[in-house]
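Here's the structure, in structure tokens; my notes come after.
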Amino acid sequence: MKPPAGREGGRRRAAGAVAESNADWMGSLPAALRSYPLSNLAIPGSHDSFSYWVDEKSPVGPDQATAIKRLARISLVKKIMKKWSVTQNLTFKEQLEGGIRYFDLRVSSKPGEIGQEIYFIHGLFGIKVWDGLKEINTFLEQHPKEVIFLDFNHFYAMDDSHHFFLINRIHSAFGSKLCSVECVEYVTLEYMWEKKHQVLIFYHYPLYQEYPFLWPGNKMPAPWANTTNVHKLLQFLETTLEERSRYGTFHVSQAILTPRVKTIARHLIRGLKNTLVHRNLPMILNWVKAQKPGVMGVNIITSDFVELVDFAATVIALNDLLLEEDESASTS
């Protein structure tokens, strides 16, 4: 089943219109920041980036427990699953126009389906990965100075032949835009522009070793707090930031809350957005505003429902602090 076309309502179009101003934010950064390693810049990302559409009519995904698969034979159960599986409202194109540059991707084959097609997944199946890659590439063609990170970090029901199929799809979609593995500190906007690269692929599966354009997953650590408590989340984010400088990698601060089974049971119909996200986003955004990018600071920050607050613009604005740091260093 294909996602419905033209599903943007008035609210959605308004969100897209506001977001347009961030479509070229990397290309618009001051010259001084173009020589900074991308690992030292503040970059907005989305959690479960593809989950804006999931297919209630397809089988439950192989990422779910057997008990859930049995329950999901009841149509109401899938409707409830959708409320807890969807973590974004915006399509890839809308997220990109809004300034999102890091995408958290979980993928799967469909067991029993003929062929090797790969789909995005989060409890329920999403769109075909190929369709998502093409949508992203169309944006990159129109915005040649923007750089994105695609983090393929969970794979389900995939053997090596599925991986070869997916990797070939990635190469077909982006071709020469793909940035080969390099020392993290060397990868700056200037470096990417000079080589006409726009895409860094992180691939958390051993086959990455066979392809120069697949970065190992350990170069993109994304510590997960796994809590419903916003205070515990913020403490966790602080602790993991303190540890990041010793690794020489990119770094994802997952500013997200994760529902427990009992959370879902208590708030079945309300769903993730109304139960955890709306209530806690203001406090999470305040934490973001207090951060500073750099070797010892934040790099990539991810959120659910990135359009609900001015998330992307807030993260992007943190890069101004690097300029202030440069100015104070030059005058001292």
Side-chain angles (χ1 to χ4, degrees), residues 11-12 14-23 25-26 28-29 33 40-49 51-52 84 86-92 94-104 148-149 151 222-242 244 250-259 263 267 270-294 296-325:
R11 181 189 63 78
R12 294 284 306 281
V18 171
E20 288 286 351
S21 60
N22 293 325
W25 73 264
M26 285 181 155
S28 304
L29 282 177
L33 296 183
N40 290 3
L41 296 181
I43 297 169
S46 57
H47 169 240
D48 279 320
S49 309
S51 66
Y52 52 84
W84 293 92
V86 171
T87 65
Q88 303 297 335
N89 284 328
L90 304 183
T91 65
F92 283 127
E94 290 167 331
Q95 291 182 49
L96 285 160
E97 288 173 346
I100 300 300
R101 294 293 176 267
Y102 166 91
F103 296 89
D104 164 34
I148 63 160
F149 303 79
D151 191 2
W224 176 41
N226 192 16
T227 181
T228 59
N229 184 301
V230 68
H231 301 288
K232 288 182 180 176
L233 167 65
L234 300 183
Q235 181 57 54
F236 177 85
L237 293 174
E238 291 288 344
T239 302
T240 51
L241 273 181
E242 289 166 10
R244 79 161 283 220
F250 297 97
H251 182 86
V252 181
S253 296
Q254 294 199 67
I256 59 162
L257 294 167
T258 305
T263 314
H267 307 280
R270 295 187 72 205
L272 177 69
K273 183 164 67 171
N274 293 326
T275 303
L276 287 179
V277 179
H278 264 309
R279 178 161 44 101
N280 293 298
L281 260 183
M283 192 177 294
I284 291 172
L285 197 68
N286 283 339
W287 178 84
V288 173
K289 289 175 181 175
Q291 299 312 300
K292 185 175 181 180
M296 304 288 289
V298 292
N299 177 204
I300 294 160
I301 307 176
T302 60
S303 175
D304 290 324
F305 301 105
V306 293
E307 83 290 348
L308 291 183
V309 291
D310 210 5
F311 171 73
T314 302
V315 176
I316 294 165
L318 296 177
N319 292 304
D320 293 341
L321 299 172
L322 295 170
L323 285 176
E324 293 170 17
E325 189 178 77

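- Nearest heavy-atom pair across Leu233 and Thr227 is N-CG2, 3.8 Å.
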CA sep, side-chain torsions, deciding dist, call: Ser46, Gln88, side chain to side chain donor-acceptor pair (under 3.5 Å): CA-CA 8 Å; Ser46 57; Gln88 303 297 335; 4.5 Å; no

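- Contact record, Gly98 with Ala312: O-CB, 3.2 Å, taken as the closest heavy-atom pair.
- Of all heavy-atom pairs between Ala42 and Pro293, the closest is N-CB, 3.8 Å.
- Separation of the Phe311 and Phe305 ring centroids does not fall under the 6.0 Å cut-off.
- Tested against Leu322, the residues Asp320, Asn319, Leu318 include a single side-chain contact (heavy atoms from CB on, under 4.5 Å) partner, Asn319.
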Any chance you could lay out the side chain to side chain contact (heavy atoms under 4.5 Å, CB included) test for Thr228 and Leu257, step after step, and finish with the verdict? CA-CA 5 Å; Thr228 59; Leu257 294 167; 5.5 Å; no

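- The shortest heavy-atom contact between Leu241 and Gly297 is CD2-O, 3.5 Å.
- Residues Asn299 and Ile43 are in side-chain contact: their nearest non-hydrogen atoms beyond the backbone lie under 4.5 Å apart.
- For the atom pair OG1 of Thr314 and CD1 of Ile301, the computed distance is 9.5 Å after rounding to the nearest 0.5 Å.
- Here the CD atom belonging to Glu307 is positioned 4.5 Å from the CG atom belonging to Asn89, to the nearest 0.5 angstrom.
- Closest heavy-atom contact between His47 and Asp304: ND1-OD1, 2.6 Å.
- In this structure, NE2 on His251 lies 4.5 Å from OG1 on Thr240, to the nearest 0.5 angstrom.
- Aromatic ring pairs are classed by plane angle as parallel below 30°, tilted from 30° to 60° and perpendicular above 60°; the pair Tyr102 and Phe149 is tilted.
- Smallest separation of non-hydrogen atoms from Val315 and Pro44: CG1-N, 3.6 Å.
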Is there a side chain to side chain contact (heavy atoms under 4.5 Å, CB included) between Asp104 and Asp48? Walk through the geometry before answering. CA-CA 5 Å; Asp104 164 34; Asp48 279 320; 3.9 Å; yes

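- Contact annotation: the side chain of Leu96 approaches that of Phe103 to within less than 4.5 Å [non-hydrogen atoms, C-beta and beyond].
- Between the OG1 atom in Thr258 and the CG atom in Asn229 there is a gap of 12.0 Å [rounded to 0.5 Å].
- Put simply, the side chain of Ser253 never gets that close to the backbone of Ala255: no donor and acceptor are under 3.5 Å apart.
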Begin with the C-alpha distance, continue with both residues' side-chain angles, and end with the deciding distance and a verdict on side chain to side chain contact (heavy atoms under 4.5 Å, CB included) for Val309 and Ile284. CA-CA 10 Å; Val309 291; Ile284 291 172; over 6 Å; no

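- The backbone N or O of Val306 sits nowhere less than 3.5 Å from a side-chain atom of Ser303 that would complete a donor-acceptor pair.
- Between Asn286 atom CG and Leu281 atom CG the span is 10.5 Å, to the nearest 0.5 Å.
- In this structure the side chain of Arg101 reaches within 4.5 angstrom of the side chain of Trp25, judged on heavy atoms.
- Checked by atom type and distance alone, the side chain of Gln95 never pairs as donor or acceptor with a backbone atom of Ile100 at under 3.5 Å.
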Between Trp287 and Glu238, is the side chain to side chain contact (heavy atoms under 4.5 Å, CB included) condition met? List the steps. CA-CA 10 Å; Trp287 178 84; Glu238 291 288 344; 2.7 Å; yes

